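Some notes on the structure that comes next.
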Amino acid sequence: MIGALISAILLLIVLGVILWAVQTLLPMIPLPAPFATVIQVLITVVCVLVVVYVIASLFGVVAPLGRL
């Protein structure tokens with residue numbers, strides 16, 4: 001259980017850094033407004049899905065990806 005908790009924390013830290021980097025670098029790419037908004041929404045949705053999956057795997061609702 002401790003190992004799963006540590007790996008979940010590390011995964012969420014890495015996910016947060018990636019989310020921060022993408023949201024910081026995205027305005028530097030010249031995209032029309034609708035495309036930039038759609039990309040930001042998609043990135044946020046993917047991050048939320050990963051966080052929900054990590055929390056669900058900690059509670060035993062879903063099997064971790066390594067056990068599939």
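Computed from a prediction, not measured in an experiment: that's the story for all the values here.
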Other cluster members, Val17 - Ile/Leu/Val/Met/Phe/Trp/Tyr, side-chain contacts below 4.5 Å: none
Is Ile18 reachable from Ile43 through a run of hydrophobic residues whose side-chain heavy atoms are each under 4.5 Å from the next? yes
Side chains of residues 6-15: which donor-acceptor pairs under 3.5 Å do they make with residues two or more places apart or in other chains?
| residue | atom | partner | partner atom | Å |
| --- | --- | --- | --- | --- |
| Ser7 | OG | Gly3 | O | 3.2 |
| Ser7 | OG | Ala4 | O | 2.9 |

Cluster overlap Val52 with Val54, hydrophobic side-chain contacts below 4.5 Å: no
Do any side-chain atoms of residues 25-40 form donor-acceptor pairs under 3.5 angstrom with protein atoms, and if so which ones, sequence neighbours left out?
| residue | atom | partner | partner atom | Å |
| --- | --- | --- | --- | --- |
| Thr37 | OG1 | Ala33 | O | 2.9 |

